[in-house]
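A quick write-up on the structure given underneath.
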Amino acid sequence: MLDGWNMTGDYVYLDDEGYVFFVSRETDLIKSSGYRIGPGEIEDALVRHPAVKDAGVIGVPDPIRGENVKAFISLNENYIFDEDLHQEILSFLRDKIAIYKLPRVFEVLKEIPRTPAGKIVRRTLHEIENAN
């Protein structure tokens with residue numbers, strides 16, 4: 001508690017009408033080139049592409065930007081991740097999210113790790129990244 005406030009570690013914003021909107025857990029935020037990027041918005045945009053069955057997004061270290069956005073995706077049947085699909089997904093995302101939020105790296109997984117409640121297990125995504 002700090003001055004009567006419960007410090008949850010969440011990153012939120014307050015709109016002009018005084019409503020509070022959840023963005024992400026502070027530990028899940030990707031800090032890239034001075035921007036704070038919540039992975040949820042990118043994941044939501046990714047799964048709207050017809051080839052993408054599921055998606056999880058994390059920040060990976062970058063010596064210049066601090067972190068880059070990395071997207072782990074699982075594909076729907078009959079899709080193969082090649083350069084054409086990669087460019088198609090990026091083009092699709094450009095209409096949905098700000099350019100600085102675009103994933104710079106993609107990795108295809110058979111399945112995105114989730115808790116029994118359906119939440120993405122980002123810790124496991126970081127472990128997969130660190131094993132590479």
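For the numbers below, each heavy atom of this structure counts, side chains included, while hydrogens, waters and symmetry mates do not. Bear in mind the structure is a predicted one, so any value in this text is a computation, not a measurement.
- The neighbour count for K53 NZ, taken as heavy atoms of other residues, nucleotides or ligands under 6.0 Å away, does not exceed 12.
- Annotation: side-chain contact (heavy atoms from CB on, under 4.5 Å) contacts of D82 (sequence neighbours excluded): D84, L85.
- Atom CD of E129 and atom CZ of R122 lie 14.5 Å apart (nearest 0.5 Å).
- Panel note: side chain S32, backbone N68; no donor-acceptor pair is recorded below 3.5 Å.
- By the side-chain contact (heavy atoms from CB on, under 4.5 Å) test, K101 is found to be paired with I37, E41, I42, I97, A98, residues two or more places apart in sequence or in another chain being considered.
- Between R104 and D62 no salt bridge is recorded (no basic side-chain N to carboxylate O distance below 4.0 Å).
- Applying the side chain to side chain donor-acceptor pair (under 3.5 Å) test to Q87 and every residue at least two apart in sequence or in another chain returns E83.
- Using a 4.5 Å heavy-atom threshold, the side chains of N76 and P50 count as separate.
- Here the OG1-CZ distance, from T124 to R114, works out to 12.0 Å after rounding to the nearest 0.5 Å.
- Among all heavy-atom pairs drawn from Y79 and A51, the shortest one is CD2-CB, 3.3 Å.
- Residues satisfying the side-chain contact (heavy atoms from CB on, under 4.5 Å) criterion with A55, sequence neighbours excluded, are L46, V47, V52, I73.
- The number of heavy atoms from other shown groups lying within 6.0 Å of CZ (R123) does not exceed 12.
- Applying the ring-ring contact (aromatic ring centres under 6.0 Å, His included) test to every pair with at least one member in residues 49-72, sequence neighbours left out, gives these pairs: H49-F92.
- Using a 4.5 Å cut-off between side-chain heavy atoms of Ile, Leu, Val, Met, Phe, Trp and Tyr, with links allowed through other members, V69 and I89 fall into the same hydrophobic cluster.
- Side-chain contact check for E111 versus D54: every heavy-atom pair is 4.5 Å or farther apart.
- The two residues R36 and L29 have their closest heavy-atom pair at NH1-CD1, 4.1 Å.
- The closest side-chain heavy-atom distance from P103 to L93 is below 4.5 Å.
- Under the 4.5 Å side-chain heavy-atom criterion for grouping Ile, Leu, Val, Met, Phe, Trp and Tyr, I30 is connected to L102 within one hydrophobic cluster.
- A distance of 5.0 Å separates CG of L109 from CD1 of I128, quoted to the nearest 0.5 Å.
- Taken together through direct or relayed side-chain contacts under 4.5 Å among Ile, Leu, Val, Met, Phe, Trp and Tyr, L90 and V57 form part of one hydrophobic cluster.
- Looking at S74, its side chain never comes within 3.5 Å of a backbone N or O of I112 through a donor-acceptor pair.
- Listed by first then second residue, pairs satisfying ring-ring contact (aromatic ring centres under 6.0 Å, His included) with a partner in residues 95-125 read Y35-Y100, F81-F106, H86-F106, not counting sequence neighbours.
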